[in-house]
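The model shown is predicted, which means the values in this text are computed figures rather than measured ones. For ligands, and for the atoms within them, numbers begin at 1 and follow the listed sequence.
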Amino acid sequence: MPKNYIIGNWKMNQSLLEIKDFFETIQSSHLEKGNFWVAPQSIHIDNCLTLAKNTPILIGAQNCSNQNSGAFTGEISCMAIKEIGAHFVIIGHSERRTYYAETDKLVNEKVLKSLENKLVPVICIGETLLQRELNKTLEVVLGQLTQGLEGVKLTCEDELIIAYEPVWAIGTGKTASSKQAEEVHFSIRSKLIELYPNFGEKISILYGGSVKPSNIDELLSMPNINGALVGGASLKASDFSILCKSSLK
Ligand code: PGA
């Protein structure tokens, strides 16, 4: 069985004070051990690593460079992310693809770089509303998946995570129904088994897009939904810990 994960993507949110409050609330919420990860803004990673010490939460980055080092102003290397003690990196989020023109090729380079540096890539894929309406959902999603994984070799199923995030459901309050999501997750699972016969069955596939305490249980009841990548509802520790607790059921 794949593991369940709840991963918070804080995007460009949270002040230092809000971060302190978040971890204090998490500490008092007696969260049991589980796979709970949070990606703050890069400049807050170090602080979060300190504050998360007595919690089960692991910290990661929201993006990384496809280069090792050198003259790439403003970029953050996987080596630096790893060295500081972070655990994972979100790659290919639709906001990066849309606002910063990230292509599947760039996503693939970043995935390879993160694996080289022993960071777990959380690879985001998903269709726009137009693509769904044109019946292109599976073509788009499976295309992003195979191109993102080009040349990626695995030695175990925990080395990467896939996050299916329909673009039309991100931050809009519109969640894909659990049935709509499962349909896509099932196809992703089949492709993963084809690409990785030894591990495909056990790689975690997360759903993302307006996940909140009121819809998490329904989503997690689907056989191929192994957790959630959460934006808005991950900012408040009380909501985030409800989501985490649901993933342990
Ligand atoms: P949302 O964001 O939960 O606010 O819809 C999800 C994401 O962008 O990862």
Exercise for the section: Can you spot which of V141, L138, I203 makes a side-chain contact (heavy atoms from CB on, under 4.5 Å) with I188? Expected result: V141
Practice task
Linking directly or through intermediates, with side-chain heavy atoms under 4.5 Å: list the remaining ILVMFWY members grouped with L58, chain and number order.
Solution key: Y5, I7, W37, F88, I90, V120, V122, I161, L206, L229
Problem - Whichever hydrophobic residues join Y99 through chains of side-chain contacts under 4.5 Å - result: Y100
Problem - First-shell residues of ligand 1 [heavy atom, distance under 4.0 Å] - result: N9, K11, H93, E165, A169, I170, G171, G209, S210, L229, V230, G231, G232
Handout entry: Pairs involving residues 40-79, ordered by first then second residue, that meet ring pair (Phe, Tyr, Trp, His ring centres under 6.0 Å) (sequence neighbours left out)
Key = none
Practice task
Could you tell me whether E116 and K113 make a salt bridge, using a distance below 4.0 angstrom between a side-chain N and a carboxylate O?
Solution key: yes
Handout entry: Salt bridge flag under 4.0 Å for residues E95 and K11
Key = yes
